[in-house]
Amino acid sequence: MNFFKSRKHQITVVAAVVLILSWLAIPENVKASQSYFPFITDDWIVCDIQMPTVKTVPEIKEKNNSELKSQKKKNKKAENSLSTKEKEMLYKVVSMECDTGYEGSLAVISCMLNRKDSERYPDDLMEVVREDSQFTAYYDKSSGTYPYKNREPSKECIAAVDDALEKGKRNIPSYILYFRSSDYDYLSGYETYGTIGDNTYFYLETDR
(Lines give C-alpha, C1' and ligand atoms only; values in the text may rest on other atoms or scores of the structure.)
Protein backbone atom coordinates (compact mmCIF):
# COMPACT_ATOMS: atom_id res chain seq x y z
CA MET A 1 0.00 0.00 0.00
CA ASN A 2 2.82 2.40 0.90
CA PHE A 3 4.52 1.42 -2.35
CA PHE A 4 1.55 2.57 -4.44
CA LYS A 5 1.22 5.78 -2.47
CA SER A 6 4.86 6.64 -2.99
CA ARG A 7 4.67 5.77 -6.67
CA LYS A 8 1.32 7.52 -7.33
CA HIS A 9 2.88 10.49 -9.11
CA GLN A 10 5.10 8.30 -11.30
CA ILE A 11 2.17 6.05 -12.25
CA THR A 12 0.10 9.05 -13.30
CA VAL A 13 2.89 10.40 -15.48
CA VAL A 14 3.45 6.99 -17.10
CA ALA A 15 -0.27 6.60 -17.82
CA ALA A 16 -0.36 10.03 -19.46
CA VAL A 17 2.65 9.18 -21.59
CA VAL A 18 1.07 5.88 -22.67
CA LEU A 19 -2.17 7.66 -23.61
CA ILE A 20 -0.27 10.27 -25.68
CA LEU A 21 1.78 7.60 -27.46
CA SER A 22 -1.39 5.64 -28.19
CA TRP A 23 -3.00 8.74 -29.71
CA LEU A 24 0.06 9.43 -31.85
CA ALA A 25 -0.08 5.88 -33.15
CA ILE A 26 -3.66 6.26 -34.41
CA PRO A 27 -3.94 6.79 -38.22
CA GLU A 28 -4.78 10.35 -39.30
CA ASN A 29 -8.05 9.31 -41.01
CA VAL A 30 -9.30 7.81 -37.77
CA LYS A 31 -8.35 10.94 -35.86
CA ALA A 32 -10.27 13.03 -38.38
CA SER A 33 -13.42 11.01 -37.86
CA GLN A 34 -12.96 11.18 -34.08
CA SER A 35 -14.59 7.78 -33.92
CA TYR A 36 -11.79 6.20 -31.89
CA PHE A 37 -12.22 8.39 -28.82
CA PRO A 38 -15.71 9.91 -29.16
CA PHE A 39 -15.54 11.08 -25.57
CA ILE A 40 -12.78 13.61 -26.26
CA THR A 41 -15.24 15.92 -28.02
CA ASP A 42 -18.79 17.04 -27.33
CA ASP A 43 -19.70 17.01 -31.05
CA TRP A 44 -21.36 13.64 -30.62
CA ILE A 45 -24.21 15.22 -28.67
CA VAL A 46 -25.22 17.33 -31.68
CA CYS A 47 -28.24 15.79 -33.42
CA ASP A 48 -28.97 16.84 -36.98
CA ILE A 49 -32.38 15.17 -37.19
CA GLN A 50 -35.05 17.57 -38.46
CA MET A 51 -38.16 17.16 -36.39
CA PRO A 52 -41.48 17.69 -38.20
CA THR A 53 -43.22 20.96 -37.50
CA VAL A 54 -46.33 20.36 -35.43
CA LYS A 55 -49.05 22.93 -35.98
CA THR A 56 -50.99 24.08 -32.98
CA VAL A 57 -54.79 23.94 -32.84
CA PRO A 58 -55.18 27.72 -33.34
CA GLU A 59 -52.95 27.53 -36.44
CA ILE A 60 -55.03 24.68 -37.88
CA LYS A 61 -58.29 26.54 -37.17
CA GLU A 62 -56.87 29.70 -38.74
CA LYS A 63 -55.90 27.76 -41.87
CA ASN A 64 -59.34 26.12 -42.10
CA ASN A 65 -61.09 29.46 -41.61
CA SER A 66 -58.87 31.02 -44.25
CA GLU A 67 -59.67 28.24 -46.74
CA LEU A 68 -63.39 28.58 -45.96
CA LYS A 69 -63.30 32.35 -46.49
CA SER A 70 -61.39 31.83 -49.73
CA GLN A 71 -64.00 29.35 -50.96
CA LYS A 72 -66.83 31.74 -50.04
CA LYS A 73 -65.13 34.52 -51.97
CA LYS A 74 -64.82 32.24 -54.99
CA ASN A 75 -68.50 31.30 -54.73
CA LYS A 76 -69.53 34.93 -54.40
CA LYS A 77 -67.34 35.89 -57.33
CA ALA A 78 -68.94 33.15 -59.43
CA GLU A 79 -72.41 34.40 -58.49
CA ASN A 80 -71.51 37.96 -59.40
CA SER A 81 -69.92 36.90 -62.69
CA LEU A 82 -73.26 36.05 -64.29
CA SER A 83 -73.77 37.70 -67.64
CA THR A 84 -76.60 40.18 -68.18
CA LYS A 85 -78.45 37.57 -70.20
CA GLU A 86 -78.08 34.96 -67.44
CA LYS A 87 -79.31 37.41 -64.81
CA GLU A 88 -82.35 38.30 -66.87
CA MET A 89 -83.13 34.63 -67.27
CA LEU A 90 -82.70 34.08 -63.52
CA TYR A 91 -85.06 36.94 -62.68
CA LYS A 92 -87.70 35.39 -64.92
CA VAL A 93 -87.29 31.83 -63.62
CA VAL A 94 -87.48 32.98 -59.99
CA SER A 95 -90.49 35.14 -60.84
CA MET A 96 -92.24 32.15 -62.41
CA GLU A 97 -91.57 30.04 -59.32
CA CYS A 98 -92.83 32.70 -56.93
CA ASP A 99 -93.50 36.41 -57.38
CA THR A 100 -95.90 37.09 -54.52
CA GLY A 101 -93.45 39.57 -53.02
CA TYR A 102 -89.85 40.06 -51.91
CA GLU A 103 -89.73 37.23 -49.34
CA GLY A 104 -91.27 34.67 -51.67
CA SER A 105 -88.77 35.43 -54.43
CA LEU A 106 -85.88 35.51 -51.95
CA ALA A 107 -86.82 32.04 -50.70
CA VAL A 108 -86.70 30.65 -54.26
CA ILE A 109 -83.27 32.10 -55.09
CA SER A 110 -82.05 31.08 -51.62
CA CYS A 111 -83.08 27.49 -52.31
CA MET A 112 -81.26 27.60 -55.66
CA LEU A 113 -78.10 28.89 -54.00
CA ASN A 114 -78.41 26.24 -51.28
CA ARG A 115 -78.38 23.63 -54.02
CA LYS A 116 -75.32 25.20 -55.61
CA ASP A 117 -73.49 24.95 -52.28
CA SER A 118 -74.63 21.35 -51.72
CA GLU A 119 -72.42 18.43 -52.74
CA ARG A 120 -75.32 16.70 -54.47
CA TYR A 121 -75.92 19.50 -56.99
CA PRO A 122 -73.74 21.34 -59.55
CA ASP A 123 -71.34 24.06 -58.33
CA ASP A 124 -72.58 26.46 -60.99
CA LEU A 125 -75.81 28.35 -60.27
CA MET A 126 -77.00 28.36 -63.87
CA GLU A 127 -76.40 24.61 -64.10
CA VAL A 128 -78.59 24.21 -61.01
CA VAL A 129 -81.38 26.20 -62.69
CA ARG A 130 -81.06 24.29 -65.97
CA GLU A 131 -80.92 20.84 -64.39
CA ASP A 132 -83.31 18.38 -65.97
CA SER A 133 -86.77 18.11 -64.37
CA GLN A 134 -85.94 20.44 -61.47
CA PHE A 135 -87.46 23.84 -62.22
CA THR A 136 -90.43 23.64 -64.56
CA ALA A 137 -90.43 27.43 -64.75
CA TYR A 138 -87.22 27.06 -66.75
CA TYR A 139 -88.24 24.07 -68.86
CA ASP A 140 -91.59 22.28 -68.84
CA LYS A 141 -90.85 18.73 -69.96
CA SER A 142 -94.51 17.85 -70.48
CA SER A 143 -95.06 20.69 -72.97
CA GLY A 144 -91.47 20.95 -74.21
CA THR A 145 -91.49 24.71 -73.64
CA TYR A 146 -89.55 27.33 -71.65
CA PRO A 147 -92.29 29.09 -69.63
CA TYR A 148 -90.00 31.80 -68.21
CA LYS A 149 -89.26 33.41 -71.57
CA ASN A 150 -92.24 35.77 -71.68
CA ARG A 151 -92.27 36.47 -67.94
CA GLU A 152 -91.97 40.03 -66.64
CA PRO A 153 -90.44 39.89 -63.13
CA SER A 154 -91.52 42.44 -60.54
CA LYS A 155 -89.17 44.96 -58.91
CA GLU A 156 -89.43 43.00 -55.66
CA CYS A 157 -88.31 39.83 -57.41
CA ILE A 158 -85.34 41.56 -59.07
CA ALA A 159 -84.35 43.14 -55.73
CA ALA A 160 -84.54 39.77 -53.97
CA VAL A 161 -82.33 38.06 -56.56
CA ASP A 162 -79.80 40.92 -56.51
CA ASP A 163 -79.65 40.90 -52.69
CA ALA A 164 -79.03 37.15 -52.68
CA LEU A 165 -76.32 37.32 -55.34
CA GLU A 166 -74.55 40.51 -54.30
CA LYS A 167 -75.12 40.66 -50.54
CA GLY A 168 -75.38 36.96 -49.72
CA LYS A 169 -78.85 37.42 -48.29
CA ARG A 170 -81.01 34.30 -47.73
CA ASN A 171 -84.19 33.75 -45.75
CA ILE A 172 -84.08 29.96 -45.38
CA PRO A 173 -81.43 27.70 -43.77
CA SER A 174 -78.71 26.14 -45.93
CA TYR A 175 -80.19 22.63 -45.59
CA ILE A 176 -83.43 23.59 -47.37
CA LEU A 177 -83.05 22.22 -50.91
CA TYR A 178 -86.61 21.50 -52.01
CA PHE A 179 -89.93 23.26 -52.48
CA ARG A 180 -93.32 22.64 -54.01
CA SER A 181 -96.41 24.70 -54.61
CA SER A 182 -98.17 25.67 -51.38
CA ASP A 183 -100.86 23.17 -52.40
CA TYR A 184 -98.42 20.62 -50.96
CA ASP A 185 -98.15 20.73 -47.18
CA TYR A 186 -96.63 17.26 -47.04
CA LEU A 187 -94.02 15.46 -49.14
CA SER A 188 -93.34 11.78 -48.51
CA GLY A 189 -89.87 11.15 -47.06
CA TYR A 190 -89.23 14.84 -46.34
CA GLU A 191 -89.63 17.13 -43.36
CA THR A 192 -91.76 20.25 -43.80
CA TYR A 193 -89.99 23.53 -43.10
CA GLY A 194 -92.85 25.92 -43.82
CA THR A 195 -94.58 28.05 -46.44
CA ILE A 196 -93.05 31.25 -47.85
CA GLY A 197 -94.91 33.10 -50.56
CA ASP A 198 -96.86 30.47 -52.48
CA ASN A 199 -94.36 27.62 -51.97
CA THR A 200 -93.88 25.07 -49.20
CA TYR A 201 -90.27 24.21 -48.40
CA PHE A 202 -88.98 20.79 -47.43
CA TYR A 203 -85.72 19.18 -46.30
CA LEU A 204 -84.15 15.84 -45.55
CA GLU A 205 -83.21 15.20 -41.93
CA THR A 206 -79.80 13.94 -43.11
CA ASP A 207 -79.05 17.37 -44.60
CA ARG A 208 -79.30 19.18 -41.28
| query | Can you name the residues that form a side-chain contact (heavy atoms from CB on, under 4.5 Å) with Thr84, not counting sequence neighbours? | reply | Glu88
| task | Would you please name every residue forming a side-chain hydrogen bond (donor to acceptor under 3.5 Å, both in side chains) with Thr195, sequence neighbours left out? | result | Thr200
| task | Mind checking the OG-CG spacing from Ser105 to Asn199? Nearest 0.5 Å is all I need. | result | 9.5 Å
| Roughly how far, to the nearest 0.5 Å, is NZ of Lys116 from CE of Met126? | 12.5 Å
| How would you list, by chain and number, every residue that makes a side-chain contact (heavy atoms from CB on, under 4.5 Å) with Ser133, sequence neighbours excluded? | Lys141
| Under 3.5 Å: donor-acceptor pair, side chain of Asp163, backbone of Lys169 | no
For a quick test of your reading: what N or O donor-acceptor pairs under 3.5 Å do the side chains of residues 201-208 make, sequence neighbours left out?
unit_1	atom_1	unit_2	atom_2	d
Tyr201	OH	Val108	N	3.3
Asp207	OD1	Arg120	NH2	2.8

| query | What residues, two or more places apart in sequence or in another chain, satisfy ring pair (Phe, Tyr, Trp, His ring centres under 6.0 Å) together with Tyr193? | reply | none
| note | Between Leu177 and Ser118 the two heavy atoms that sit nearest each other are CD1-OG, 4.0 Å
| query | Should Arg180 and Asp198 count as an ion pair when the cut-off is N to O under 4.0 Å? | reply | no
| query | Can you name the side-chain hydrogen bond (donor to acceptor under 3.5 Å, both in side chains) partners of Asp124, sequence neighbours left out? | reply | none
| How many angstroms lie between CD1 in Ile196 and OG1 in Thr100, if you round to the nearest 0.5 Å? | 10.0 Å
| query | Does a side-chain heavy-atom distance below 4.5 Å link Val129 with Glu86? | reply | no
| query | To the nearest 0.5 Å, what is the distance between SG (Cys98) and CZ (Phe179)? | reply | 8.5 Å
| query | Listed by chain and number, what are the salt bridge (charged side-chain N to carboxylate O under 4.0 Å, His left out) partners of Asp99, not counting sequence neighbours? | reply | none
| remark: Residue set satisfying side-chain contact (heavy atoms from CB on, under 4.5 Å) with Asp185, at least two apart, ordered chain then number -> none
| field | For Tyr190, all residues meeting ring pair (Phe, Tyr, Trp, His ring centres under 6.0 Å), sequence neighbours excluded | value | Tyr178
| Among pairs that include at least one residue of residues 148-158, which meet salt bridge (charged side-chain N to carboxylate O under 4.0 Å, His left out), considering only residues two or more places apart or in two chains? | none
| request: Give the intermediate values and the outcome of side-chain contact (heavy atoms from CB on, under 4.5 Å) for residues Thr136 and Met96. | output: CA-CA 9 Å; Thr136 55; Met96 284 288 294; over 6 Å; no
| query | Just by distance, do the side chain of Asn171 and the backbone of Glu103 share a donor-acceptor pair under 3.5 Å? | reply | yes
| request: Indicate whether any N or O donor in one side chain lies under 3.5 Å from an N or O acceptor in the other, for Tyr91 and Asp162. | output: yes
| field | Flag side-chain contact, heavy atom, 4.5 Å: Lys87 against Ile158 | value | no
| field | Set of side-chain hydrogen bond (donor to acceptor under 3.5 Å, both in side chains) partners for Gln134, sequence neighbours left out | value | Arg115
| If we only count heavy atoms from C-beta on, is the Leu106 to Ile172 side-chain gap below 4.5 Å? | no
| Spacing of Lys92 atom NZ and Cys157 atom SG [to the nearest 0.5 Å] | 11.5 Å
| query | Which distance, rounded to the nearest 0.5 Å, do you find between the CD1 of Ile109 and the CG of Leu113? | reply | 4.5 Å
| said: Test of understanding: with ring pair (Phe, Tyr, Trp, His ring centres under 6.0 Å), list the residues that count as partners of Tyr139, not counting sequence neighbours. | reply: Tyr146
